[in-house]
K.L.:
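So that we are looking at the same thing, I have put the structure below in structure tokens.
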Amino acid sequence: MAEENRLEQDRKAKVARWRAEGKEPYPWSFPDRSPTERVREACRTLKPGEEAPPAPPVRVAGRLMAVRQHGRTAFADLEDLSGSLQLLLRVDELGEGPYNGWLADLDPGDIIGAEGTPIVSRRGEPSLLVRSLTLLAKAVRPPPEKFHGLQDVEERLRRRYVDLLSSSEARARFRTRTLLVREIRRYFDDAGFLEVETPVLTSVAGGAAAAPFVTRSNYLDAELRLRISIELPLKRLLVGGLERVYELSKAFRNEDLDSIHSPEFTEFEAYWAYADYHDMRHLMEGLFERLAHRTLELCPGDSVVEAAAKRFLPPFPTVDFVDALEERSGIPDLLSKSREELRELARAVGSTVPDNSSNGTFLDKLFEHYVEPTFDRVTFVVDYPAATTPLAKRHRSKPGRVERFEVFHPGFELANAYTELNDPDEQEARFRSQLGERGDDRYAFDEDYVSALGYGLPPCTGVGFGVDRVLMGLLGIPSIKEVILFPLIRSR
RNA sequence: GGGCCCGUAGCUCAGCUCGGUAGAGCAGGCGGCUCUUAACCGCAAGGUCAGGGGUUCGAAUCCCCUCGGGCCCGCCA
């Protein structure tokens, strides 16, 4: 750290010198600024060495990334969100004193503004022939090395801003994320859904089996839990008559963190009255197709993204949960097996889940082992055994099954949907049997939700998916931390 | 919870096997250069080798512990 101080001291000395000369190193604004893209465009009609005809000067602003000094000429690279632009500084244009002053005072990392004329260098590089410069914010800390950038994974996550400022690829990735999230909203808006906001702070965290984060309200003098899903409040809204609703925001699970799980993640859920899981499947297929096309549009020429996004284009393979499992494992009549038999089968494939786990858990483990590894693109798995799913409606024609589909991506689960259970008595019975089965606090009994169903939940379908995982899939990024701007990391 | 790997200058990395005064490039300082783009050339400077303990005449290097991170497995949706 002593050395960092030396480097910072050099830069702070420049700030002090600047102030001593009566100049402001952190001015308030830089009006009439154009993206550097405009200069690159203006240069397209120019020949190497040619300067644009006299016109009002262009003003650009961004971060100074590099300076190549050549005696009485200097080149500098300025980056803004639209890209990189070379600045051409000449004694002839700036005058001897200012020219030398600027080169002495500027460092890579500084935020500067420049005003000048588009010009193409003799070597053909689109540039701005600078008439005047403005320091907009002095960087007293040096940026990472210009060629390799910030490589250390931990540093990239802890100080994402440094990752972003030194890597246009990182900026592009997160910009793409935002545009794809916007596309998800647009798709459901266009389909007539209302975006709503329901509480993150709740007294009962329900709708999924996961450990919640627990916190306190001083005013209420009560324990609160951060939500683990958005399912139950959204279905209450269908009871209230909102018919089509979705929410896209954070959910929290107090569980392990790995390449596909983040304790704080972005959840999307939608509920649709008077429709069933077949309708939802069509809706989701349309969403994936649209997102795939948008992704390809946003990342042209990126072969990793191209291969990844194409897995989200139809046709989507469909797999019947039970048929596929029986076929792959060679085990017949799985639905009539006893819990003991299923447990032994699960043990045989290496599962170590507790003995008192449900039939559904053992079936899930078998599916995970025999069927999931065979997926090589986005695949719909349909008609789950009833034992695996507490909130879904029983299948209208297949006994022992529920009307549910899950969407799988090679390597992880993407989405989960069903025709929703709307019978209040059956819902109450299933909540109770879950409590008895697991006997821990991972399942909450939401009495008010059962009461809401008592007022009449229209027949409906719902879906939920992890937005971060969909983005991982579309962009071909193997770690969830690389699609989250500031992933949770242990404090230092 | 189990296993493997990583932490050296602001940044990117050598050095660790086989213990002997801590190295390079970039960035920063000084000097030179009017078309470079990882600019180039010369000079000088820059270190709590993640932290602590041990072995040793001597530890970045060998051993133990701790902290932080990554990957795999398990568990968890």
Side-chain angles (χ1 to χ4, degrees), chain A residues 1-14 48-49 64-78 84-94 99 104 106-109 119-127 129 139-159 162-163 165-166 207-211 228-229 251 253-263 265 267 350-354 357 360-361 364-365 368 388-389 406 412-416 438 440 442-443 464-466 469 478-479 481-482 487 489-492:
Chain A
M1 288 302 127
E3 273 324 287
E4 183 183 293
N5 287 339
R6 181 180 61 81
L7 288 162
E8 281 193 45
Q9 277 162 16
D10 284 342
R11 286 165 176 250
K12 284 179 175 167
K14 293 179 185 179
L64 184 65
M65 300 304 287
V67 180
R68 295 176 294 281
Q69 200 179 339
H70 256 277
R72 297 164 69 76
T73 291
F75 300 92
D77 295 331
L78 183 78
S84 184
L85 178 69
Q86 176 167 277
L87 303 181
L88 177 47
L89 312 182
R90 283 205 297 235
V91 171
D92 307 348
E93 300 293 335
L94 295 169
Y99 174 86
L106 290 180
D107 291 297
I119 187 171
V120 174
S121 75
R122 281 176 224 160
R123 296 290 177 89
E125 179 76 19
S127 308
L129 179 59
V140 296
R141 295 175 65 94
E145 196 229 9
K146 62 188 167 193
F147 188 60
H148 298 92
L150 193 61
Q151 295 295 317
D152 186 276
V153 175
E154 182 179 348
E155 288 303 317
R156 290 214 332 270
L157 302 181
R158 283 190 196 281
R159 296 191 297 180
V162 180
D163 182 27
L165 75 85
S166 64
I228 56 175
S229 90
R253 295 186 182 179
N254 204 342
E255 310 273 1
D256 286 359
L257 191 161
D258 61 33
S259 61
I260 56 171
H261 294 90
S262 173
F265 63 104
E267 170 83 348
S351 168
T352 58
V353 292
S357 301
T361 301
D364 273 337
K365 288 291 151 195
E368 231 169 74
T388 62
T389 317
E406 281 210 283
F412 48 87
E413 180 199 325
L414 270 186
N416 188 15
R438 298 298 288 260
D440 60 27
R442 301 176 63 79
Y443 293 90
F465 61 85
R469 285 194 185 176
S479 166
K481 289 177 192 144
E482 294 301 349
I489 192 164
R490 204 181 297 271
S491 63
R492 203 142 41 178

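Chain A is the first sequence line, chain B the second, and so forth, proteins listed ahead of strands; every chain is numbered from 1.
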K.L.:
Do any side-chain nitrogens or oxygens of A/Lys12 fall under 4.0 Å of OP1 or OP2 in B/rG28?
P.N.:
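So the side-chain polar atoms of A/Lys12 never come under 4.0 Å of the phosphate oxygens OP1 or OP2 of B/rG28.
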K.L.:
By the 4.0 Å heavy-atom rule, please label A/Gln86 as base, sugar-phosphate, or nothing.
P.N.:
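Since a base atom lies under 4.0 Å of A/Gln86, the category is base.
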K.L.:
Taking B/rU56 as the reference, what is the distance to B/rU66 when you measure between their C1' atoms (whole Å, please)?
P.N.:
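Looking at atom C1' only, B/rU66 and B/rU56 are 23 Å apart.
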K.L.:
Salt-bridged, A/Arg72 to A/Asp92, with N to O below 4.0 Å?
P.N.:
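So A/Arg72 does not pair with A/Asp92 through a salt bridge.
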K.L.:
Roughly how far apart, to the nearest Å, are B/rG19 and B/rC49 at atom C1'?
P.N.:
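Result for the C1' pair: 15 Å, nearest Å.
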K.L.:
Between protein and nucleotides 49-52 of chain B, what N or O pairs are separated by less than 3.5 Å?
P.N.:
none

K.L.:
Walk along nucleotides 66-72 of chain B from 5' to 3' and tag each nucleotide B, S or - by protein heavy-atom contact under 4.0 Å, base first, then sugar-phosphate.
P.N.:
--SSS--
K.L.:
With nearest nucleotides of RNA chain B determined for A/Glu125 and A/Pro108 from heavy-atom distances, which residue corresponds to the more 5′ nucleotide?
P.N.:
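Result of the comparison: A/Pro108.
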K.L.:
Would you please test A/His261 and A/Asp256 for side-chain contact (heavy atoms from CB on, under 4.5 Å) and show each step?
P.N.:
CA-CA 7 Å; A/His261 294 90; A/Asp256 286 359; over 6 Å; no
K.L.:
Can you tell me how far C1' in B/rG10 sits from the matching atom in B/rA27, rounded to whole Å?
P.N.:
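Per the computed distance, 8 Å lies between those C1' atoms.
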K.L.:
Roughly how far apart, to the nearest Å, are B/rA59 and B/rU48 at atom C1'?
P.N.:
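15 Å, rounded to whole Å.
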K.L.:
If you round to the nearest 0.5 Å, how far is CG of A/Leu89 from OH of A/Tyr99?
P.N.:
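A/Tyr99 atom OH to A/Leu89 atom CG measures 6.5 Å (nearest 0.5 Å).
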K.L.:
What closest approach, in Å, do A/Leu150 and A/Ser166 show between heavy atoms, and which atom pair accounts for it?
P.N.:
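Where A/Leu150 meets A/Ser166 most closely, the heavy atoms are N-OG, 3.9 Å.
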K.L.:
One pair to check against side-chain contact (heavy atoms from CB on, under 4.5 Å): A/Leu64 and A/Asp77. What are the steps and the verdict?
P.N.:
CA-CA 6 Å; A/Leu64 184 65; A/Asp77 295 331; over 6 Å; no
K.L.:
Tell me, with the steps shown, if A/Gln86 and A/Ser121 meet side-chain contact (heavy atoms from CB on, under 4.5 Å).
P.N.:
CA-CA 9 Å; A/Gln86 176 167 277; A/Ser121 75; 4.1 Å; yes
K.L.:
Over all heavy atoms of both residues, which pair between A/Arg490 and A/Arg158 is shortest? Give the atoms and the distance, please.
P.N.:
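Shortest heavy-atom separation between A/Arg490 and A/Arg158 comes out as O-NH1, 2.7 Å.
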K.L.:
Which residue, A/Gln69 or A/Thr73, contacts RNA chain B at a nucleotide closer to its 5' end, judged by nearest heavy atom?
P.N.:
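Its nucleotide being nearer the 5' end, the pick is A/Thr73.
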K.L.:
Any Lys/Arg nitrogen of A/Arg11 or A/Glu8 sitting under 4.0 Å from an Asp/Glu carboxylate oxygen of the other?
P.N.:
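No.
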K.L.:
Is there a side-chain contact (heavy atoms from CB on, under 4.5 Å) between A/Lys481 and A/Leu257? Walk through the geometry before answering.
P.N.:
CA-CA 10 Å; A/Lys481 289 177 192 144; A/Leu257 191 161; 2.9 Å; yes
K.L.:
Go ahead and name the base partner of B/rC4; Watson-Crick or wobble counts if both distances stay under 3.5 Å, otherwise write none.
P.N.:
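With both distances under 3.5 Å, B/rC4 matches B/rG70.
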K.L.:
A/Leu64 CG to B/rA27 P: how many Å, rounded?
P.N.:
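Distance, rounded to whole Å: 12 Å.
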